[in-house]
Amino acid sequence: MNSSTLFRQRGFTLTEALVAFAVTATGLIAVASFEAGLFSSSAHSKARTEALSLAQQKIEQFRDYTLASEDSFIDENGDGVMDADGTYSDDPINGQNAQFTRSWELTTNSRGKQIDVTVSWKDSANKTQSVMLGAEVNWTSPRAGVDQIASLADAMVPSPTGRAEIGDGTLSDYPSDEVTRISGPGEDGLSTYSHDEDVFLVDSSGKILLTLLDACSSATGSCKDFVKISGTVYVDRTNTSQEAEDIRVVAADAAHCQRWVPTGTLANPPSTATGNYRYYNYTCYLGGGWHGNIGFVTTAGLRQRDKVCQGDPTSTNTWEQPVIALRRAYRGMIYTTDGEEIKYRSHGIKDGAVLTGQDFVFTELAPDKTEGTYCVGSNAPMTRTDSASGTLFRDVPTDFVCLNADDNGDSVPDYLDGFDTARYEADAYCPYDPTDPPVKNHEISGTISVLSVTTLDLGGFSIVTSDGPNNCSWVSPFAAITGGYSATYVCDVYDWGSGWTGSVEVRPGSSGVSCPTSPASYSSLKSDRTLDFACESLDGQ
């Protein structure tokens, strides 16, 4: 083999060069494709991360809201009432990696609201991508934690639990010369004592049941008393198999409810004349500042057929008539005004307040019988023979007691705890039950005209809705016009999500006037309405 042959063997043929080029090109294409895919994946990942952040941001905004007893609501449109269940959306959001669309769905449950937030966007291939986050938001007063901390330094801080604390120990734990009887024992067997600046609720054995810390003033020698809410529990013997001694009255938070009977024992309590009802009395002791519920537990546990009737079966007022509920709620309402917007919050009961006549009728009805109409009628739980056509339960409250009530007619709430008057106001009524706040409110307004050619005294005129007597007001009182008199009014009605159903009624009082167009009824009202009433003098003049 010569040198020229060796030289030729070290070179490349054209075919070999083409093969090498093809291999290199394929590799470069694969790298480029990988880099493009990597870039696309990175862009999608960044957009998804940003979308998740936007969804979480909306959920956190909802967590900042409170409901019912506080100063703000889930109120996206700023109308001052809670948003209804449904789907809502933002304007498009220009993000760093895409333009996003964010929507959310609200669904009410027994604990608060379920919130499902969806954020969507178009990817580089113009395909819609989306992420969804869900959360259940339960509302708690934002001041509750502060109250708990503050109570370590100041036991008189008002809170929904009130200013009472569960008692500890017995009266014999204190030297006898350091305790002073304030009252008792009462018919329920309980007494109150003071020690230093504290007040004790004590049973017949000397056990301390409740304590009011710092309730006595050394300067004046006076002590604040416990709140007392009392009434009678009637057990409908015609229907129920529950025994009276097995039905216990309980109150929310720091409270003690004492059962007692005027004769007999709880195991064999007194009966009404023909045995329709067995009954016992109760008193629930609480601290000032409390607002909450009083209800029932039973030894065997509550069943679907266990029902409690409340309300006045003799009343013609819709808002006073019987309802079925296992608890009665006690709330006051104070409010702030921002322009035309009014925001309500719940408020507690004042020190030493006494509420009597808070009766209940415990019965059994079929599980599907949940309306108050089943409490009245022929041989019904509240209108049996011994009820004297229901008069035994006259003036019994329904399942909500407004602590703003004005029993002495001075236009000032009688049972409401003190509050910061520089920040809040209070009327002598509650516009609605704050345990079940409405979704929206509407206005019904118009003119009331009275046809008459004689002088009339129309000072007794009033206008009410089926929700209550205080939701209507006069825009302008009655004034003489040609052929009679005219006044204008406005009523607030409340919508719990499916529209307002109820009636508006003109009540002429003793003015000698008839209003044939009253009452006016509505079903599922979902907007403001104008409603005029035409009245005339009864003597036809």
Side-chain angles (χ1 to χ4, degrees), residues 110 229 231-240 242 247 249 272 276-277 279 282 293-296 298 302-331 355 357-402 405 429-438 464-471 493-505 519 521-525:
S110 60
I229 299 177
T232 302
V233 177
Y234 292 89
V235 181
D236 173 17
R237 294 296 296 169
T238 306
N239 270 359
T240 187
Q242 296 273 21
I247 302 170
V249 183
T272 50
N276 287 164
Y277 309 99
Y279 61 92
Y282 77 92
N293 305 332
I294 293 178
F296 294 91
T298 65
L302 290 169
R303 305 158 300 183
Q304 284 189 322
R305 62 180 181 272
D306 290 329
K307 304 293 171 64
V308 177
C309 292
Q310 308 174 53
D312 183 350
T314 69
S315 177
T316 58
N317 294 322
T318 305
W319 60 90
E320 295 175 333
Q321 292 170 359
V323 298
I324 290 177
L326 285 171
R327 63 94 179 110
R328 180 177 287 134
Y330 295 82
R331 304 285 192 280
L355 288 172
Q358 308 295 296
D359 298 350
F360 299 94
V361 179
F362 198 100
T363 187
E364 286 185 24
L365 296 169
D368 62 338
K369 292 184 176 181
T370 59
E371 299 298 324
T373 51
Y374 293 108
C375 294
V376 296
S378 177
N379 205 34
M382 297 189 86
T383 49
R384 301 200 189 286
T385 302
D386 287 351
S387 74
S389 299
T391 57
L392 178 62
F393 307 113
R394 178 172 288 157
D395 296 328
V396 169
T398 62
D399 60 340
F400 169 56
V401 172
C402 174
Y429 67 93
C430 297
Y432 55 80
D433 178 353
T435 66
D436 183 21
V464 300
T465 73
S466 54
D467 289 345
N470 298 301
N471 287 339
V493 297
Y494 296 91
D495 178 353
W496 275 261
S498 57
W500 179 73
T501 298
S503 60
V504 181
E505 180 182 0
S521 298
Y522 290 92
S523 179
S524 302
L525 179 68

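Positions are given from 1 along the sequence.
Checked by atom type and distance alone, the side chain of Ser524 never pairs as donor or acceptor with a backbone atom of Gly499 at under 3.5 Å. Listed for the Asn471 side chain is a donor-acceptor partner under 3.5 Å among the backbone atoms of Pro431.
Leu365 and Pro381 make their closest contact through CD2-CG, 4.4 Å (heavy atoms, listed as atom of the first residue, atom of the second, distance). Nearest heavy atoms, Ser466 versus Thr318: O-CB, 3.5 Å. Closest of all the heavy-atom pairs between Pro313 and Val376 is CB-CG1, 3.6 Å.
Distance check, rounded to the nearest 0.5 Å: CG of Asp236 to CZ of Phe362 gives 10.5 Å. To the nearest 0.5 Å, the span separating CD on Gln358 from OG1 on Thr232 amounts to 10.5 Å. Note: Lys307 NZ to Thr240 OG1 = 11.5 Å, rounded to the nearest 0.5 Å. Note that CH2 of Trp319 and CG of Asn470 are 8.5 Å apart. Values are rounded to the nearest 0.5 Å.
Aromatic ring orientation, Tyr279 versus Tyr234: tilted (interplanar angle from 30° to 60°).
Checked options Asp495, Thr465, Asp467; the residue passing with Trp500 is Asp467 (criterion: side chain to side chain donor-acceptor pair (under 3.5 Å)). Of the candidates Pro469, Pro519, Ser503, Val464 forms a side-chain contact (heavy atoms from CB on, under 4.5 Å) with just one, namely Pro469.
By the side chain to side chain contact (heavy atoms under 4.5 Å, CB included) test, Val249 pairs with Val233, Cys257, Tyr280, Tyr282, Cys284, Ile294, Phe296, sequence neighbours left out. The side chain to side chain contact (heavy atoms under 4.5 Å, CB included) test applied to Ala325 returns Gln310, Asp399, not counting sequence neighbours. Under the salt bridge (charged side-chain N to carboxylate O under 4.0 Å, His left out) criterion, Glu505 pairs with Arg507, sequence neighbours left out. Not a single ring pair (Phe, Tyr, Trp, His ring centres under 6.0 Å) links Tyr374 to another residue, sequence neighbours left out. By the salt bridge (charged side-chain N to carboxylate O under 4.0 Å, His left out) test, Asp306 is found to be paired with Arg303, residues two or more places apart in sequence or in another chain being considered.
Using a 4.5 Å cut-off on side-chain heavy atoms (C-beta onward), Phe400 and Asp436 make no contact. You'll find the side chain of Thr238 stays beyond 4.5 Å of the side chain of Glu364, heavy atoms only. Here the side chains of Arg327 and Thr435 are in contact, with some heavy-atom distance below 4.5 Å.
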Pairs under 3.5 angstrom only: tabulate donor-acceptor contacts from the side chains of residues 386-398 to other protein residues two or more places apart or in another chain.
| unit_1 | atom_1 | unit_2 | atom_2 | d |
| --- | --- | --- | --- | --- |
| Asp386 | OD1 | Thr274 | N | 3.2 |
| Asp386 | OD1 | Thr274 | OG1 | 2.5 |
| Asp386 | OD2 | Thr272 | OG1 | 2.6 |
| Asp386 | OD2 | Ala273 | N | 3.4 |
| Asp386 | OD2 | Thr274 | N | 2.9 |
| Asp386 | OD2 | Thr274 | OG1 | 3.1 |
| Asp386 | OD2 | Gly275 | N | 3.2 |
| Asp386 | OD2 | Asn276 | N | 3.1 |
| Ser387 | OG | Met382 | O | 3.3 |
| Ser387 | OG | Arg384 | N | 3.4 |
| Ser387 | OG | Arg384 | O | 2.6 |
| Ser387 | OG | Gly390 | N | 3.0 |
| Thr391 | OG1 | Ser387 | O | 3.4 |
| Thr391 | OG1 | Ala388 | O | 2.8 |

